Amino acid sequence: MAGIVGYGAYVPRMRIKVEEIARVWNEDAESIKKGLSITEKSVPSMDEDAATIAVEAARNALSHSGINPKEIGAVYVGSESHPYAVKPTATIVAQAIGAGTSLTAADLEFACKAGTAGIQMLMGMTDSSMIKYGITIGSDTSQGRPGDALEYTASAGGAALVIGKEKSECIAEILATASYTTDTPDFWRREGANFPSHGGRFTGEPGYFKHIVHASKLLFEKTGFKPSDFTYAVFHQPNGKFPKNAAKLLGFTEKQIEIGLLTPLIGNTYSGASMLGLCAVLDNAVPGERILVTSFGSGAGSDSFAIEVTEGINEKRGRAVKISTMIKDKQYIDYAQYLKNRNSITKR
Amino acid sequence: MEKASAGMWRKIDSRYNLVGSMCERCGTKYFPQRAICRNCGKDTKMLHRKMSGRGTVYSHSEIRVPAEAFKESAPYTVGIIELEEGPKVEGHIIDNGKKVEIGTKVKTAFRKMYTDGEEGLIHYHFKFIPE
């Protein structure tokens with residue numbers, strides 16, 4: 001059965017506070033902080049993009065896994081901010097992590113859930129013995145139009161999972177997965193456009209909640225599990241509030257989602273979001289504990305996973321930087337620096 | 001553009017993973033790669049060897065009048081890093097809030113170095129970051 005052999009993440013250290021963005025647009029920071037349940041977000045440096053974040057996360061995952069990178073048979077990078085429109089991020093990552101050349105690689109795009117689509121692809125490929133190991137990464141430097149509500153949450157970060165099937169090498173088994181997908185125009189970015197557009201409140205009920213709830217319930221039906229069978233739950237987190245409401249709708253407690261809810265501190269890392277939440281949970285989980293992870297990608301779809309932590313996690317603990325350490329290591333910037341980092345203002 | 005592609009392609013291993021050379025005969029390591037060992041001359045048996053990426057700052061300087069490719073990021077710090085394996089390597093040193101001085105321990109990070117204009121290639125490269 002496919003499982004997680006190693007995991008790793010990367011969060012850029014620059015942060016901008018809600019107060020600083022609200023100051024520029026003459027908005028009420030307190031009501032935004034309360035409404036979105038977020039305090040600050042991560043911002044990439046000028047020399048960071050979805051490829052550099054993916055490489056750093058993948059290198060951390062490889063250190064954690066302890067595997068020989070030459071044995072990786074597939075590299076998938078999920079992102080909606082791939083640096084090139086044509087030329088894969090996955091080949092850059094494969095070369096930078098020292099993987100061999102006898103591998104398949106591709107960039108995936110499904111808004112915020114492309115990385116978890118990669119998990120499912122690798123589950124099939126490892127379970128069928130087509131490959132020994134695969135690595136899937138969710139990485140983004142997401143964009144929010146200046147003055148748009150998204151600007152408060154769209155952040156940067158990534159996470160990587162090494163997937164294999166040898167139980168003795170795994171830190172967690174993936175017991176089951178289920179997906180729910182529809183054609184829902186809740187959020188999009190046209191080719192060549194710098195910023196995404198969205199359907200405002202339409203992104204909530206018909207988008208996020210419908211797909212998260214359906215995919216999670218499909219997983220419950222498939223496995224016979226109920227919310228109380230899980231120690232932790234991680235939901236995609238476009239803001240700090242939606243995952244709390246989704247948890248309530250499905251019958252999870254706030255305690256179950258507490259550790260994996262990172263958006264209030266680093267913003268919405270898009271393709272990285274649910275996978276980063278899973279990494280934060282794995283930093284703390286002990287053998288025998290179960291984790292529910294349900295991602296969401298606009299457009300729209302959700303992938304849900306039932307994961308059970310195995311004994312292997314103790315042996316590999318401490319091999320990679322903890323997510324909480326990355327989150328604490330930060331440097332605040334003002335709005336002008338933020339615009340410069342996002343390439344919105346340039347020097348003549 | 002063709003020249004940029006070929007030049008970049010040849011240097012990918014060095015730029016991404018700090019792959020240098022090691023003389024199999026005497027064990028001396030080099031970065032960047034070279035064909036002939038300074039010690040062994042015609043008896044050189046050179047192999048490719050990935051450096052650990054860890055080292056210490058041998059010398060450093062802050063650049064305030066940058067080259068065109070780096071005009072957006074000035075001021076920035078460059079340095080000569082003495083790798084654990086011995087070679088001294090020039091590189092950019094990332095500002096992560098830690099003080100940079102001679103002897104500061106650093107490791108490599110994977111970053112964007114520069115781009116060939118709006119439509120050209122993106123050049124990724126190792127940089128050094130204080131530990």
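What you see is a predicted model, and the numbers here were worked out from it, not measured in a lab. Both backbone and side-chain heavy atoms feed into the values below; hydrogens, waters and symmetry mates do not.
- With rounding to the nearest 0.5 Å, the separation of CD in A:Q95 from CH2 in B:W9 is 10.0 Å.
- Counted within 6.0 Å of CD on B:E90, heavy atoms from surrounding residues, nucleotides or ligands total 12 or fewer; the atom is thus considered open.
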TODO: Report the C-alpha separation of B:M113 and A:D47 in whole Å, then their side-chain angles, then the decisive distance to 0.1 Å, and conclude whether the side-chain contact (heavy atoms from CB on, under 4.5 Å) test is met.
DONE: CA-CA 7 Å; B:M113 187 62 100; A:D47 59 359; over 6 Å; no

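- A donor-acceptor distance shorter than 3.5 angstrom exists from the side chain of A:K340 to the backbone of B:E72, with no hydrogens or angles considered.
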TODO: Test A:I97 against B:F110 for side-chain contact (heavy atoms from CB on, under 4.5 Å), laying out the working first.
DONE: CA-CA 10 Å; A:I97 62 175; B:F110 187 80; over 6 Å; no

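- Chain A is approached within less than 4.5 Å, heavy atom to heavy atom, by B:I122, B:Y124, B:K127 from residues 122-131 of chain B, ordered by number.
- Residue A:Y335 qualifies as enclosed at atom OH: its count of foreign heavy atoms under 6.0 Å is above 12.
- Open room surrounds NZ on B:K45; 12 or fewer heavy atoms of other groups in view lie less than 6.0 Å from it.
- Contact check on B:R111 versus A:E48 returns a salt bridge, with a Lys/Arg side-chain nitrogen under 4.0 Å from an Asp/Glu carboxylate oxygen.
- Counting heavy-atom neighbours within 6.0 Å of B:K105 NZ, excluding the residue itself, gives a total of 12 or less.
- Residues of residues 11-42 of chain B placed with any heavy atom under 4.5 Å of a heavy atom in chain A are listed by number as B:I12, B:D13, B:Y16, B:N17.
- Heavy atoms closer than 4.5 Å to chain B are found in both the backbone and the side chain of A:I92.
- Rounded to the nearest 0.5 angstrom, B:I94 CD1 and A:S45 OG are separated by 7.5 Å.
- Interface with chain A: from residues 47-55 of chain B, no residue qualifies, criterion being any non-hydrogen pair under 4.5 Å.
- With rounding to the nearest 0.5 angstrom, the CD atom of A:Q331 is 6.0 Å from the CG atom of B:D95.
- For A:E40, the side-chain hydrogen bond (donor to acceptor under 3.5 Å, both in side chains) criterion is met by A:K330, A:Y332, not counting sequence neighbours.
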